[in-house]
Amino acid sequence: MTETRKPLIAGNWKMNLNHLEAIALVQKLAFSLTREQLEAVETVVLPPFVDIRSVQTLVDGDKLVIGFGAQDLSAHPSGAYTGEIAGSMLAKLGCSYVAVGHSERRQYHEEGDELVAAKVRQALNNGISPILCVGEALDVREAGDHIAHSVSQLIAAVDGLTEEELAKVVVAYEPVWAIGTGRTASAEDAQEVIGALRQALGEKFGAVAERVRILYGGSVKSSNVAQIMAKPDIDGALVGGASLDAEEFAKIVRFPEHAGA
Ligand SMILES: O=C(CO)COP(=O)(O)O
């Protein structure tokens with residue numbers, strides 16, 4: 001974390017919580033966090049598509065300083081793509097962010113680098129910041145190729161963007177072996193890869209790389225977030241399981257207050 005990039009804590013709910021449960025969670029979150037805390041740390045939820053309209057109504061109605069977005073979007077602008085959701089539809093709902101290239105999409109829906117790049121393009125074309133997820137599986141890490149693998153996923157997805165577009169991208173380093181396993185990467189391991197990601201962006205795009213926020217994701221909890229956030233290149237967290245509990249998620253957002261952690 002550095003003074004120049006605002007910390008971002010985003011909760012990826014995955015396929016959990018219906019729209020009523022979504023309202024309840026966001027309300028609890030709003031009660032648990034002060035305006036100062038929400039202004040110090042940008043706080044975002046990524047609910048399932050069907051919850052977004054309800055979350056939008058609550059956030060707008062109560063003027064909450066909580067952002068929201070989606071977990072995926074179509075690579076196409078509109079048309080005969082049954083079951084898909086266009087970036088323009090998400091923009092109309094007030095989404096500020098959309099996760100792109102999450103390892104669960106790459107793994108279970110066979111999303112490759114080309115498709116991920118097209119989704120990044122669609123997000124930016126609609127004024128939405130993609131949260132671009134990259135990260136290696138266990139076999140890749142054991143082979144010592146985790147940096148090359150993650151850098152390659154990143155560069156493939158941002159190739160061709162302008163500096164101005166890149167500045168709107170949020171990157172999330174999520175090692176697959178740390179997702180939902182309770183096995184968090186050490187803060188040093190996360191910094192190693194995230195530092196390399198920023199360096200690769202710097203080599204390709206120049207100084208704008210210093211403005212790109214790069215998050216860590218994988219078993220982040222209130223008990224480990226402060227150590228992770230203490231690293232210079234880590235600007236926030238993409239939180240899965242722990243974001244489904246309002247009190248725990250609020251504790252994560254309050255990481256600057258975790259004394260001496
Ligand atoms: O995949 C993740 C967030 O996108 C991380 O999930 P967990 O926090 O449940 O490990």
Side-chain angles (χ1 to χ4, degrees), residues 7-17 21-22 25 29 41-49 51-52 55 66-73 90 95-109 111 116 119-120 123 128-138 140-141 146 149-150 153-154 157 169-187 189-190 193-194 197 213-229 231 234-255 258:
L8 169 61
I9 302 289
N12 173 11
W13 295 0
K14 309 193 179 185
M15 197 171 72
N16 295 291
L17 308 182
E21 293 164 334
L25 193 151
L29 207 53
V41 177
E42 189 177 351
T43 304
V44 167
V45 293
L46 306 177
F49 288 128
D51 299 0
I52 295 174
V55 170
I66 293 176
F68 57 91
Q71 298 170 17
D72 186 30
L73 83 170
L90 299 178
C95 289
S96 313
Y97 293 96
V98 61
V100 172
H102 191 279
S103 62
E104 287 150 18
R105 302 283 326 164
R106 293 181 193 258
Q107 188 179 346
Y108 306 136
H109 301 272
E111 294 196 6
V116 170
K119 291 183 173 192
V120 166
I128 302 172
S129 285
I131 301 179
L132 167 64
C133 305
V134 302
E136 81 286 352
L138 188 57
V140 175
R141 173 157 285 263
H146 46 290
H149 175 93
S150 302
Q153 284 183 330
L154 171 61
V169 173
V170 174
V171 179
Y173 169 58
E174 297 208 311
V176 178
W177 48 269
I179 295 178
T181 56
R183 186 181 164 193
T184 323
S186 68
D189 284 345
V193 178
I194 289 176
L197 294 174
R213 287 183 296 178
I214 311 185
L215 319 181
Y216 166 76
S219 300
V220 173
K221 302 184 274 289
S222 59
S223 56
N224 58 27
V225 63
Q227 288 149 270
I228 291 165
M229 290 304 296
K231 295 294 174 190
I234 306 182
D235 306 314
L238 185 54
V239 184
S243 72
L244 299 173
D245 176 334
E247 199 35 59
E248 172 66 4
F249 190 60
K251 264 194 213 166
I252 293 173
V253 173
R254 287 195 292 263
F255 77 86
H258 300 191

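First listed ligand is number 1; within each ligand, the first listed atom is number 1. Throughout, numbering of the chain's residues begins at 1 and tracks the sequence.
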Between D72 and E111, does the side-chain contact (heavy atoms from CB on, under 4.5 Å) criterion hold? Intermediate values first, please. CA-CA 11 Å; D72 186 30; E111 294 196 6; 4.1 Å; yes
Pairing donors with acceptors under 3.5 angstrom, does anything connect the side chains of E174 and H102? yes
What residues, two or more places apart in sequence or in another chain, satisfy side chain to side chain donor-acceptor pair (under 3.5 Å) together with K14? E104
side-chain contact (heavy atoms from CB on, under 4.5 Å) for D51 and W13? Distances and angles first, verdict last. CA-CA 11 Å; D51 299 0; W13 295 0; 4.0 Å; yes
Would you mind listing each N/O atom of ligand 1 next to any protein N/O under 3.5 Å, plus the distance?
unit_1	atom_1	unit_2	atom_2	d
ligand 1	1 (O)	K14	NZ	2.8
ligand 1	1 (O)	H102	NE2	2.8
ligand 1	1 (O)	E174	OE1	3.3
ligand 1	4 (O)	N12	ND2	3.0
ligand 1	4 (O)	H102	NE2	2.9
ligand 1	4 (O)	E174	OE1	3.1
ligand 1	4 (O)	E174	OE2	2.9
ligand 1	6 (O)	K14	NZ	3.3
ligand 1	8 (O)	S219	N	3.4
ligand 1	8 (O)	G240	N	2.9
ligand 1	9 (O)	G241	N	2.8
ligand 1	10 (O)	G180	N	2.6
ligand 1	10 (O)	S219	N	2.8

Qualifying residues under side chain to side chain donor-acceptor pair (under 3.5 Å), relative to Q107, sequence neighbours excluded: none
Applying salt bridge (Lys or Arg N to Asp or Glu O under 4.0 Å) as the test, list every pair that has at least one member in residues 128-137; sequence neighbours left out. E136-R141
